[in-house]
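Below is one structure, written out as structure tokens, with a few remarks after it.
In the text below, chain A, chain B and the rest are named by the order of the sequence lines, each starting its count at 1.
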Amino acid sequence: MKLNLRVWRQKNAETDGAMASYELDGISPDMSFLEMLDTLNEELIVSGEEPVAFDHDCREGICGACSLVINGDAHGPERTTTCQLHMRSFQDGDTIDIEPWRASAFPVIKDLVVDRTAFDRVIQAGGFITAPTGAAPEAHATPVPKPDADLAFEHAECIGCGACVAACPNGAAMLFTSAKVNHLNVLPQGAPERETRVLDMVAQMDEEGFGGCTLAGECATACPKGIPLMSITSMNKEWLRATRKSKR
Amino acid sequence: MTSHSTYAQYTVGEPVKDTQAPEGPVSERWDTRRFQAKLVNPANRRKHKVIVVGTGLAGGAAGATLAEQGYHVIQFCFQDSPRRAHSIAAQGGINAAKNYRNDGDSIHRLFYDTVKGGDFRARESNVHRLAQISVEIIDQCVAQGVPFAREYGGLLDTRSFGGVQVSRTFYARGQTGQQLLLGAYQALSRQIASGGVEMHARTEMLDLIMVDGRARGIVARDLVTGKIDTYFADAVVLASGGYGNVFYLSTNAMNSNATAIWRAHRRGAYFANPCFTQIHPTCIPRSGDHQSKLTLMSESLRNDGRIWVPKAKGDNRPAAEIPEEERDYYLERIYPSFGNLVPRDIASRAAKNVCDEGRGVGPGGQGVYLDFADAIKRMGRKAVEAKYGNLFDMYARITAENPYETPMRIYPAIHYTMGGLWVDYDLQTSIPGLFAVGEANFSDHGANRLGASALMQGLADGYFVLPSTINDYLARNPHKDEVDDTHPASVAVVNETKDRLAKLLAVDGDRTPDSFHREIGELVWEFCGMARTDEGLRKALDRIPQIREEFWARIKVPGSGEEFNQSLEKANRVVDYLELAELMCLDALHRSESCGGHFREESQTPDGEAARKDEEFSYAAAWEFTETGASPVLHKEQLTFEYVHPTQRSYA
Amino acid sequence: MARSFWDSTVGKKIVMGVTGLIMIGYLVVHMMGNAKIFFGADDFNEYGHWLRVVGEPFLHRMWGLWIARVVLLTSVILHAVCAYQLSRRDIKARPQKYVHKKARMSYATRTMRWGGVILGLFIVWHILDLTTGTVHPDGFEDGKPYQNVVDTFSTWYGNVIYIVAMLAMGMHVRHGFWSAAQTIGVGSRTRERVLKATANGLALILTVGFISVPVAVMTGVVS
């Protein structure tokens, strides 16, 4: 396959970026999208140019590092992570636009690499259960109804890639935050911190400069793990409940 | 140039001994050790700093727990977030001797299975402790909100895994590693928020700083700005994972690397059993030269899939056109009683053998069929879909083939390294004050790791073992003076690091870091992969110094060191692979027995099984570094088996 | 607590949802009242009169109407202020657009902001036209709403403004009703279809109901 790539190049956070064009030949449809970029980078290095920086790690769709907007879609045309996207999803001769996640809470570090530490700070605000090591009761002491456990798991599948933010017209992090809140709030183990968790995480989310939710639904469409839009509704409910009950 | 003849002529030094495991009945040793260990007064703990490198299951759990105890933890990961450590990719599950099924499981049975599964090359004391702690891990994870699979009654579900006869594996669909890691990450996040942990993400350890023979700090590079910084503490914990990426193609993450442990090794930490690497039989084969990594599929597929290749060499017909009588279901043929369920290493080697015979399928002939046609006939497509649907989807996405219609193609791949830094019962390396936890150490799996035991070991080390034993070190070794970056030892290491990076940038050759990584990886895979021979290993040992020399003459790293530079990161990791590969091959060469994941063709039983030589090799090989390319010193740790007596495996 | 509620994006969204639902409720009542016009001038004018005395004798004359007006005005203001503040925040949160543009959201979702502005302007015009009579085309007569309505819809621009605004209202309600339900947390997997259908139904009925009046005037059914 022969491709015409247009890639966002930006030296660092301080400088402005722009799209740069590259022609790439000899691409196999069996390559993953990132292997296609590897090929480009190998060529760039040998010709003395700086390779395109992009985040990637596990390349099996679970670490959440890869983060490319491909032809306007977070993670590209298939519902999966960028690393699991293959070149057979494109045609010979295609022009492919590759851009970083765009959101003011995710500033660009270089080229296609963005800073997603805002997500970590949302977790630090309350995305945990306080269970110091060694203090845990016997695992079977508290049965968890299977539907609750399954629901918690569905939300816990979130890989924190940030595609939801990238796809959201408002740069909102509601889907991420709600997945995290719901994972812990539906479990009995999460109950003691249920109110503070949702209030603190939402407050931190706002603090980080993410936008508000207009329920456009783009986040859930882009989510490679299929976290449903309904997750946001559940968090809103939790937040309202917590606001009523909060003793603060 | 150093030729292999001198490197392979290693010397044997003083035996090394684990002096920390107490005497007495194995089931009481951990209690005894915890009681003997000195404690640090809670009020004094915040004055102690501990560096933790890595945020996977072992590192994340250790950092969170040490901070809970009151220590000041300085933690590092090269990923953009501690949540992305490669523990996240573990699929299968985590073992624990809870005996919730009432199926005869016990701590002793898990201990026994692990020692036997490790082919009698692990320490009994360590393994027993692991089995004991396994029970507490599940409690801890449930309390943290890990959404394990549950039954309708609300209790935890378990399954049997990896050929054991009890159901002791706890799981969260096919994403157990992810869920456990998120638990550890959340606990760590709580400590970051409270100030107990000072977290440095996108920061990579490049060397160890030692003062007066003790580990006192690290040199690390901020991967965003390129700044080289020093960090000091009273103890350093390496939780940086295994070294499987030396093979280039593995199931490891692209950035998983051996730099932290290799640099520690160069500073004096013994490296034990580097040749003990595990190969997983059911990975998706490579589709071409562009392949950057391999993806594992759960071993459970072998429960219902049948493995075969064409009987004739070079049979290029599509699978569907090969009639039944022209297929060779080789595992069922060679191992009639275990069939497709033989252990990982046996299944892997058999696949390699048929491919070497020219009967492999798919691109490059590096694959065998895993066929579900019979299973679909027997159970119906619906049932197969319910059981394996997500794996089939994953396979279809990667290969664009429909496994319901055409058989899957699989091939073995490296996915775990049992070897690692030598540690004593306290998980302390041969450098005082330097600890290694999780896959980074060599401690618990011997020559072969059982399925669902990696997660168990990582969390046992991180949550329970290290936090108890490090107390003892800190209490007994109050540091005399503060060290800072003006200390000569620190200045020297920083300069060495800067020189190394500067040298990489200065060569300005014509080959990319990846091209060297690929070259060394292919070499090690060929000669130190699934089957090893004296001749092949010597060939590899001949070749490695040449590649290394070529590397330093032709490497090309664009950009500068004062910026985000992924080529520089990569090149620097390859430097270490080029040295580690040599030690792996030497270790494999010196261990002329077969055991676990290490198969020497010269040492096999008449029916092709791995033949151990217990008389000669019942030891852990702890290597001491001398100089780059110069032969290392071997320190043997003799292994004794009081409870589980060595027997030869048989699966025929 | 009130402060953190107001400061939160989720809190502001809840304010918008609740005020939006109040306004939708009002629209339903308003549309039903409008339907009186099909029963002739007397019926319609009498209904207009009743609005002023509603609640009597418990409430003083006009009080009922004023209470409704205050509630509505408060709702409109809160709704608009929140919308303005959230929009500013949203634009700031995504300052740089993608080079490769792609429109995917439904039309109703994409037009919430501009639709809201159009509706705001319409409300001003509508009050000046038929409540105060300030911009009424042709001799506004207090207490003769039937005649006033016919006057307005006898001008081409009156029809255009009204019909365009009602189409915008329909779309606004379509996304707004469903969105409000999600925001106040009453949505769920099982209710999803019912909520969507209700939103679509409401939007359709309101649009058709309101537009039927100018259409009736234009076609001479009402004159």
Side-chain angles (χ1 to χ4, degrees), chain A residues 12 28 30-32 34-35 38-39 42 45-46 48-51 53 55-60 62-65 80 84 86 88 109-110 113 115-117 119-120 123-125 127-133 135-140 143-146 149 152-153 156-157 160 183-184 187 189-190, chain B residues 64-65 68 79-81 83-84 86 88-89 98 100 138-140 142-145 147-156 172-173 175 178-179 182 186-187 189-190 192-193 201 224 253-255 287-288 290-293 295 397-398 400 463-464 467 510 512 514 556 558-559 563-564 566-567:
Chain A
N12 54 42
S28 151
D30 286 331
M31 280 184 184
S32 73
L34 298 184
E35 283 164 352
D38 289 343
T39 311
E42 291 286 287
I45 293 173
V46 170
E49 279 184 70
E50 278 207 43
D55 264 327
H56 64 105
D57 203 18
C58 80
R59 295 206 179 182
E60 44 189 281
I62 194 75
C63 77
T80 180
Q84 295 288 287
H86 286 74
R88 62 182 86 92
I109 289 174
K110 182 177 186 176
V113 177
D115 179 353
R116 284 171 287 188
T117 48
F119 271 8
D120 289 315
I123 299 296
Q124 286 156 23
F128 48 76
I129 289 172
T130 302
T133 310
E138 153 63 35
H140 270 178
V144 181
K146 185 170 164 59
F153 179 85
E157 276 196 276
H183 159 207
L184 299 175
L187 292 170
Q189 286 83 6
Chain B
T65 307
E68 275 166 12
Q79 296 91 344
D80 68 328
S81 162
R83 59 162 295 147
R84 301 203 206 283
H86 197 54
I88 206 157
K98 280 281 196 187
Y100 281 156
I138 301 302
D139 298 342
Q140 179 61 31
V142 166
Q144 287 171 341
F148 283 120
R150 286 181 184 262
E151 295 176 325
Y152 280 98
L155 301 177
L156 295 164
R173 286 192 213 162
Q175 284 132 274
Q178 179 197 24
Q179 295 310 318
L182 290 180
Q186 288 165 356
S189 296
R190 187 165 70 88
I192 295 171
V224 175
M254 297 298 288
N255 298 300
S287 63
H290 54 261
Q291 192 84 28
S292 59
K293 78 151 270 158
T295 302
R397 193 160 55 234
I398 292 174
Y463 281 132
F464 297 103
D510 60 350
T512 63
D514 261 353
K556 172 124 188 158
E563 61 178 338
F564 188 86
Q566 290 172 315
S567 304

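Side-chain contact of A:Q124 with B:S189: a donor-acceptor pair under 3.5 Å is absent, judged by distance alone. Looking at A:Q189 and B:Q144, their side chains never bring a donor and an acceptor atom within 3.5 Å of each other.
The closest side-chain heavy-atom distance from B:K98 to A:E138 is below 4.5 Å. A heavy-atom distance below 4.5 Å is not found between the side chains of A:V46 and B:K556. Using a 4.5 Å heavy-atom threshold, the side chains of A:I62 and B:Q175 count as touching. Annotation: side chain of B:K293 is not in contact with side chain of A:S32 (no heavy-atom distance under 4.5 Å). The closest side-chain heavy-atom distance from B:Q186 to A:H183 is below 4.5 Å. In this structure, the side chains of B:S287 and A:S28 stay at 4.5 Å or more apart for every pair of heavy atoms.
Heavy atoms closer than 4.5 Å to chain A are found in the side chain of B:Q178, but not in its backbone.
Listed for the B:R150 side chain is no donor-acceptor partner under 3.5 Å among the backbone atoms of A:P145.
Listed by chain and residue number, nothing satisfies the salt bridge (Lys or Arg N to Asp or Glu O under 4.0 Å) test with A:D120 (two or more places apart in sequence, or in another chain). For B:S292, the side chain to side chain contact (heavy atoms under 4.5 Å, CB included) partners are A:E35, A:D38, A:R59, B:M254, not counting sequence neighbours.
The distance from the SG atom of A:C63 to the NE2 atom of B:H86 is 8.5 Å, given to the nearest 0.5 Å.
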